[in-house]
Amino acid sequence: MPRLSLVVPVYNVQGYLAECLESVLEQDYQDFEIVAVDDRSPDGSGALLDEYAARDDRIRVIHLMENVGLGRARNAALESARGDYVLFLDSDDTLAPGALGAIAERLTAAGDPDVLIYDYVRTYWDGEIRPNQRAALLAEAGPGVFSLAERPQLLNLLQIVCNKAYRREFIAREGLTFPPGYYEDALWTFRSLISAERIAVLDRVCLLYRQRREGGNILATVSRKHFDIFDQYRRVFEFLDTRADAEQWRAPLFRKMVDHYLAILERPGRLPRDARAEFFHRAAADYRARMPAGFRKPAGSRGKKYALLERDAYAGLVGAKAVVKLRAKATGYARTTLGRTRRTALSLDYRHQLRLPLDENLAVFSSYGGSGVSCNPAAIDAELARRAPHIRRVWAVRPDAVDQVPEGVDIVRTGSREYWAALARATYLVSNDNFPDAVVRRPGQIHVQTHHGTPLKTMGLDRRQYPAAAGTDFAALLRRCDRWNFSLVSNHFSGAVWQRAYPCSYTSLATGYPRNDVLLNSTSEDVREARRELGLGERVTAFLYMPTRREYRHGSEPRLDLAKLAGRLGPDAVLLVRTHPGERPAEWPAAWRSEDRIVDVSGHPAVERLYLAADCLVTDYSSAMFDYANLDRPIVVHADDWETYSAVRGTYFDVRTEGPGAVAATEEELAEVLCSGAWRGERAARARDRFRRRFCDFDDGRAAERVVRHIFLGEELGDLPPVVPLDERTPAPPPEPSRDASALISTHTSQR
């Protein structure tokens with residue numbers, strides 16, 4: 001049996017779970033097991049647990065059939081834990097290096113106490129680390145083991161279970177379980193500490209207690225669920241009633257109860273406004289019912305709040321808070337609600353429009369900052385036109401891009417009065433990047449972030465440690481992301497990245513990317529038509545070259561000698577070249593622009609049509625590889641500057657070893673891969689299959705339908721089409737040349 005059992009309840013943490021598990025598996029002390037409980041998590045957390053369990057038999061996974069909440073999930077793990085000691089680790093927290101070894105050593109030195117308490121630090125999303133303010137209580141001076149009666153000040157520690165190790169026999173003897181509800185740690189903590197005959201402490205930081213910006217804790221959100229605290233303290237005092245030594249603990253626990261109630265009342269963002277008075281009156285009733293005889297209130301302002309509860313004087317509490325607010329307003333008058341900068345950005349007309357009712361049948365779309373009608377927003381627009389024609393669809397387009405908009409599309413020019421009016425009045429705002437900072441998300445307004453690719457390079461907060469992020473205002477970035485209601489997800493991988501990189505309160509929707517529907521639904525005739533649009537004959541092999549931009553370089557010169565490569569490939573091959581949206585081929589040599597086997601498709605309005613037409617994608621680090629993989633066609637990676645790119649921009653994995661096909665490190669290697677036919681060989685096909693199974697989770701051709709039916713038509717997620725398994729999908733068929741293109745290229749090469 002293992003010495004330590006780590007109980008890890010899991011729910012909606014796919015962005016943090018791997019880090020949590022790795023922090024345990026990488027410990028130098030190895031005599032442990034992990035009992036992980038998938039609490040019917042709607043994201044990819046359950047699948048990730050299974051992946052880890054398949055690689056390490058010390059991990060056991062319990063999949064619950066329904067979501068039961070944190071406490072009951074822990075109970076499920078306790079039933080199968082086998083270790084001498086049980087440690088609770090929340091799935092977004094991590095262990096400090098060496099923590100398990102230090103814990104095991106201290107347990108042995110203390111003669112196997114009932115409970116061991118160790119230290120923690122709070123780690124924040126912005127990189128800040130705050131130590132435990134009461135760490136001094138964990139000083140190891142004095143007896144090695146003791147009871148709570150000998151050190152009652154330990155009750156002043158934070159009421160969490162994750163900074164303690166519990167002897168499993170002690171848990172069984174006392175019948176400790178977690179109650180239902182949301183403040184479950186309070187009852188467990190008080191019961192275990194009061195019941196333990198032998199307690200020890202470890203003055204070492206073992207737990208890194210993550211404080212997520214959004215979404216990490218239901219108790220950090222505005223909700224009536226905070227009323228659960230009353231049931232938890234009812235259970236605490238019912239427990240005291242069963243003990244002969246109850247009287248010595250009534251006053252300390254009464255004070256803990258009152259402080260807890262006041263903390264909920266005082267902290268913004270906890271109770272709904274219309275629930276505050278009700279909460280106060282219930283707290284006052286508990287105060288009067290449980291106040292111990294001879295109890296002395298604390299001194300100062302804290303004692304005055306105790307007195308208000310004792311008198312059930314809610315009006316007095318409200319008046320005191322109002323005075324505090326008036327003082328803050330007087331001293332910080334210049335910091336008004338919108339702020340001076342924001343008032344400048346918002347036109348008078350926009351502020352006027354914000355006071356008018358929302359138009360429930362108006363949707364505003366934007367793609368790449370108003371560059372045109374494209375990407376995921378365009379696919380949603382098209383599906384919306386079919387399923388909900390009563391909703392008016394308006395596109396925000398930059399003045400310099402108006403001439404690229406298809407005929408019949410209703411537009412507003414960015415920055416215009418009509419533009420701001422539409423943003424103020426529309427119920428739906430759909431974009432693949434972000435609307436301007438000055439935009440206000442109104443109550444009832446729905447912002448849909450579609451994204452525009454699966455990330456290989458780091459995104460959001462993950463960029464902070466890399467040079468390419470220099471000068472980025474991450475606080476402003478997160479304010480923009482705070483407006484999102486929904487974030488579309490195309491695979492489990494990107495869902496985990498978005499959760500960590502953009503820690504905001506949106507809902508992730510595992511719909512797939514709407515723009516990729518065409519890659520699954522197109523026919524042979526659609527493929528032929530896409531090729532005819534580009535002038536590609538049946539005998540031509542089309543290589544679509546899509547490099548990404550380099551933050552460390554200036555200019556747009558291609559990293560390849562395209563004319564030389566086209567010459568190597570021969571007359572039966574064409575290079576379709578699409579530069580990054582932020583770059584243009586203006587710096588190309590004139591000879592390249594006149595070469596009929598080098599076709600600039602940078603301005604093509606629909607990259608998905610280029611995917612359909614191409615026999616093979618050639619890229620470096622572009623997210624195009626993730627979309628193109630849905631076609632199950634060859635992909636070649638040209639990674640000539642990987643070390644520099646990954647160091648400057650940061651990446652989530654090494655595309656050279658985990659990529660979707662053949663890899664070339666130099667221009668000569670790339671030419672050899674393309675000319676030899678290795679680009680479509682068996683080894684490349686195996687790499688592509690692994691890549692598709694990792695990154696093509698949800699793109700099954702019905703993404704736009706799911707988005708429209710759920711967001712615009714209000715259908716429940718459970719009523720939407722389930723995702724078709726990868727092996728059951730039928731991608732658009734490949735081009736059908738009259739003879740084997742790779743043989744043509746090889747023949748031409750030998751003749752040269």
Side-chain angles (χ1 to χ4, degrees), residues 337-338 341-452 476-477 479-488 504 506 514-515 581 605 704 707-708 710-714:
T337 303
L338 291 176
T341 302
R342 198 169 185 181
R343 287 200 307 272
T344 301
L346 293 176
S347 68
L348 291 174
D349 187 65
Y350 179 54
R351 282 185 279 160
H352 168 70
Q353 294 287 341
L354 288 173
R355 293 193 290 268
L356 299 178
L358 289 173
D359 184 342
E360 63 180 11
N361 292 321
L362 177 60
V364 175
F365 293 84
S366 175
S367 182
Y368 299 113
S371 65
V373 179
S374 64
C375 195
N376 289 313
I380 296 171
D381 177 6
E383 185 70 12
L384 188 61
R386 288 189 289 270
R387 293 183 177 271
H390 62 282
I391 295 180
R392 181 188 172 207
R393 308 176 322 280
V394 175
W395 277 82
V397 181
R398 295 196 312 264
D400 64 339
V402 169
D403 59 350
Q404 302 173 27
V405 175
E407 186 176 351
V409 174
D410 194 0
I411 70 167
V412 289
R413 289 170 169 80
T414 58
S416 67
R417 178 181 178 182
E418 293 76 15
Y419 169 75
W420 288 106
L423 293 179
R425 301 292 304 281
T427 294
Y428 307 96
L429 299 180
V430 183
S431 176
N432 68 356
D433 46 16
N434 272 303
F435 288 100
D437 289 355
V439 169
V440 176
R441 187 182 78 180
R442 301 177 58 181
Q445 205 167 45
I446 299 172
H447 286 239
V448 182
Q449 172 57 252
T450 73
H451 303 283
H452 52 266
L477 169 67
R479 286 194 296 271
R480 293 190 290 271
C481 300
D482 282 333
R483 299 190 303 236
W484 304 350
N485 295 89
F486 296 102
S487 168
L488 304 191
C504 304
Y506 52 81
R515 71 181 184 189
V707 172
V708 170
H710 180 59
I711 296 176
F712 294 87
L713 300 181

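Every heavy atom of this structure was used, including side-chain atoms; hydrogens, water molecules and symmetry mates were not.
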Side chain to side chain contact (heavy atoms under 4.5 Å, CB included) with Q445: of T427, L423, V440, L358, only one passes, and it is L358
Under the rule for ring-ring contact (aromatic ring centres under 6.0 Å, His included), what residues qualify as partners of F712, not counting sequence neighbours? Y428
Sequence neighbours excluded, which residues qualify as side chain to side chain donor-acceptor pair (under 3.5 Å) partners of D482? R213
Sorted by chain and residue number, the side-chain contact (heavy atoms from CB on, under 4.5 Å) partners of A426 (sequence neighbours excluded) come out as L362, V364, L429
Applying salt bridge (Lys or Arg N to Asp or Glu O under 4.0 Å) as the test, list every pair that has at least one member in residues 412-421; sequence neighbours left out. D349-R417
Of all residues at least two apart in sequence or in a different chain, which pass the side chain to side chain donor-acceptor pair (under 3.5 Å) check with S431? D433
Show which side-chain atoms of residues 397-406 pair as donor or acceptor with protein atoms under 3.5 Å away, not counting sequence neighbours.
{"unit_1": "R398", "atom_1": "NE", "unit_2": "D400", "atom_2": "OD1", "d": "3.0"}

Listed partners of R393 passing side chain to side chain donor-acceptor pair (under 3.5 Å), at least two apart: D381
Are R479 and D437 within salt-bridge range, i.e. N to O under 4.0 Å? no
Would you please name every residue forming a ring-ring contact (aromatic ring centres under 6.0 Å, His included) with H447, sequence neighbours left out? none
Could you pull out every donor-acceptor pair under 3.5 Å between side chains of residues 365-375 and any protein atom, sequence neighbours left out?
{"unit_1": "S367", "atom_1": "OG", "unit_2": "S374", "atom_2": "O", "d": "3.3"}
{"unit_1": "S367", "atom_1": "OG", "unit_2": "S374", "atom_2": "OG", "d": "2.9"}
{"unit_1": "S367", "atom_1": "OG", "unit_2": "N432", "atom_2": "ND2", "d": "3.2"}
{"unit_1": "S371", "atom_1": "OG", "unit_2": "S367", "atom_2": "O", "d": "3.3"}

Residues that R355 engages under salt bridge (charged side-chain N to carboxylate O under 4.0 Å, His left out), provided they are two or more places apart: none
Can you confirm whether V439 sits close enough to W420 that some side-chain heavy atom of one is under 4.5 Å from a side-chain heavy atom of the other? yes
F486 meets the ring-ring contact (aromatic ring centres under 6.0 Å, His included) criterion, sequence neighbours left out, with H710
Counterpart residues, side chain to side chain donor-acceptor pair (under 3.5 Å), relative to S487 (two or more places apart): H451
Stepwise side chain to side chain contact (heavy atoms under 4.5 Å, CB included) check, V394 with I411: CA-CA 5 Å; V394 175; I411 70 167; 5.8 Å; no
Taking the side chain as C-beta and beyond, is there a heavy-atom pair between V430 and L384 under 4.5 Å? no
